[in-house]
Amino acid sequence: MSSTSRGHRAQLDDLEKSLEQALELVRATPRDGLTAVDWLETAAKLGGFFSEARDASADVRQSLLGGARSALLLYLRGHVAETVPPHALEGVSGIREWARRIRELRAIGWDIDCLGSGSSAPYRLDDAQLAKEVAQSQQVIDSIKGSKPKEKIIEYLLHLCPWPAAPKQLEQVAGVPTWRQEIRDLVDEGWLILSHEDDPMLAPGFYRLAKLED
């Protein structure tokens, strides 16, 4: 088993433990004679378990594809023109501040509508991709976040897909001269990233994310 697989196993074990503890607490809560004070104490403990579960879920997301914004973009691009409930977006992102990440995606140019008002209003991504001139702009490069080169590369490719990424821009995004090795690592992890060796339509040194799922 690889170190990455062991890491995912530990993260999922933490997630399972938190959810099991929450379930045990609910099962232990009396159905008869429950008072408001008793329920508040139970709810407070549940909040702790849910917070732990969210953190564990975010750890899995971080190790698989990086930041919450990348996760939201990948999920929405997989559900173009569909209404997506806010609880799904919170679950995908693994953070409470997921709405801020949606606003950041809009600022980049993604056409994401909020269909209504209030905390239960769903969202919808209306266009499957950015316009080419927007996707390949310096604005997108400047917007890229992430603590690791690999995370920044995958977010950039997610914004660009299906357009190709130039080597100069990839090095700028990654911030390291070893960005080609980072791409090879992503390919090894299952991301379908094509080079000119895979796609004769690509110029040498260019890369393209061929699919939106890893």
Side-chain angles (χ1 to χ4, degrees), residues 61 64-84 86 88-89 92-93 95 97-115 121-187 189-214:
R61 179 261 299 155
L64 287 172
L65 56 93
R69 197 168 71 179
S70 294
L72 288 166
L73 180 56
L74 180 58
Y75 184 77
L76 287 170
R77 293 198 68 179
H79 296 79
V80 176
E82 298 178 21
T83 56
V84 178
L89 297 175
V92 164
S93 68
I95 60 172
E97 300 83 10
W98 59 270
R100 180 182 301 176
R101 302 296 175 262
I102 294 292
R103 291 193 293 271
E104 291 171 357
L105 290 171
R106 285 173 174 160
I108 291 171
W110 290 100
D111 190 4
I112 304 172
D113 285 334
C114 181
L115 307 176
Y123 288 74
R124 183 183 66 213
L125 176 63
D126 292 321
D127 294 323
Q129 60 196 48
L130 290 176
K132 186 176 182 179
E133 62 273 15
V134 175
Q136 296 180 336
S137 68
Q138 185 64 37
Q139 176 193 0
V140 171
I141 293 176
D142 292 340
S143 75
I144 298 299
K145 298 182 178 180
S147 59
K148 299 179 180 179
K150 187 170 65 175
E151 295 173 7
K152 292 186 282 188
I153 288 173
I154 198 59
E155 181 181 348
Y156 184 53
L157 292 175
L158 282 169
H159 287 302
L160 273 177
C161 183
W163 315 114
K168 180 179 179 181
Q169 279 67 44
L170 285 167
E171 184 170 5
Q172 183 181 357
V173 167
V176 293
T178 56
W179 59 271
R180 289 182 179 84
Q181 180 59 52
E182 302 290 343
I183 289 180
R184 287 193 289 270
D185 291 343
L186 286 167
V187 171
E189 291 174 12
W191 291 93
L192 188 54
I193 302 172
L194 304 181
S195 69
H196 70 280
E197 296 177 350
D198 309 299
D199 182 355
M201 299 299 292
L202 288 175
F206 281 65
Y207 292 84
R208 179 172 65 84
L209 181 62
K211 293 174 65 177
L212 291 178
E213 65 274 10
D214 57 357

Show, in sequence, the C-alpha distance, side-chain angles and deciding distance for Phe206 and His196, and conclude whether the side chain to side chain contact (heavy atoms under 4.5 Å, CB included) test is met.
CA-CA 7 Å; Phe206 281 65; His196 70 280; over 6 Å; no
Do the side chains of Lys150 and Glu189 get close enough for a salt bridge, i.e. N-O under 4.0 angstrom?
yes
Report yes if the side chains of Leu170 and Ile183 come closer than 4.5 Å at any heavy-atom pair, otherwise no.
yes
When you compare the side chain of Pro86 with that of Trp98, does any pair of heavy atoms fall below 4.5 Å?
yes
In the structure I gave you, are the side-chain heavy atoms of Ile153 and Trp179 within less than 4.5 Å of one another anywhere?
yes
Keeping Arg61 on the side-chain end and Gly66 on the backbone end, is there a donor-acceptor pair under 3.5 Å?
yes
Would Trp191 and Leu157 count as a side chain to side chain contact (heavy atoms under 4.5 Å, CB included) if you check the C-alpha gap in whole Å, the side-chain angles of each, and the deciding distance to 0.1 Å?
CA-CA 11 Å; Trp191 291 93; Leu157 292 175; over 6 Å; no
Atom pair CH2/CG of Trp110 and Leu130 - distance to nearest 0.5 Å
4.0 Å
If I take atom CG from residue Leu74 and atom CG from residue Leu209, how far apart are they, to the nearest 0.5 angstrom?
8.5 Å
Begin with the C-alpha distance, continue with both residues' side-chain angles, and end with the deciding distance and a verdict on side chain to side chain contact (heavy atoms under 4.5 Å, CB included) for Ile144 and His159.
CA-CA 10 Å; Ile144 298 299; His159 287 302; 3.7 Å; yes
Heavy-atom donor-acceptor pair, Asp127 side chain to Gln129 backbone, under 3.5 Å:
no
When you check the gap from the basic side-chain N to the acidic O, do Glu104 and Arg101 get nearer than 4.0 Å?
yes
If we only count heavy atoms from C-beta on, is the Leu89 to Tyr123 side-chain gap below 4.5 Å?
yes
For the residue pair Ile102 and Leu76, establish whether any side-chain heavy-atom pair is separated by less than 4.5 Å.
yes
Which heavy-atom pair separates Trp163 from Ala131 by the least distance, and what is that distance?
NE1-C, 4.2 Å
Are any side-chain N or O atoms of Arg77 and backbone N or O atoms of Cys161, one a donor and one an acceptor, separated by less than 3.5 Å?
yes
With side chain to side chain contact (heavy atoms under 4.5 Å, CB included) as the criterion, how do Asp126 and Asp113 come out once you've worked through the C-alpha distance, each side chain's angles and the decisive distance to 0.1 Å?
CA-CA 7 Å; Asp126 292 321; Asp113 285 334; 2.4 Å; yes
Check whether any side-chain N or O of Asp198 sits under 3.5 Å from a backbone N or O of Ser195 as a donor-acceptor pair, and report yes or no.
yes
Rounded to the nearest 0.5 Å, what's the gap from OG on Ser70 to OH on Tyr156? Could you check?
13.5 Å
Report the distance from atom CD1 of Ile193 to atom CZ of Arg184, rounding to the nearest 0.5 Å.
12.0 Å
Could you tell me if the side chain of Arg124 sits less than 4.5 Å from the side chain of Glu82, heavy atoms only?
no
Any residue meeting salt bridge (Lys or Arg N to Asp or Glu O under 4.0 Å) with Lys148, in chain and number order, not counting sequence neighbours:
none
Within the supplied structure, the quantity of interest is the number of heavy atoms (other residues, nucleotides, ligands) at a distance under 6.0 Å from Arg100 CZ; does it exceed 12?
no
Flag the pair Ile108 / Arg69 as yes when at least one side-chain heavy-atom distance between them is below 4.5 Å, and no otherwise.
yes
For a 4.5 angstrom cut-off between non-hydrogen side-chain atoms, does Leu202 reach Leu194?
yes
Around Lys132, counting heavy atoms of other residues, nucleotides and ligands shown, do more than 12 lie under 6.0 Å from its NZ?
no
Side chain Gln139, main chain Ala107, donor-acceptor under 3.5 Å
yes
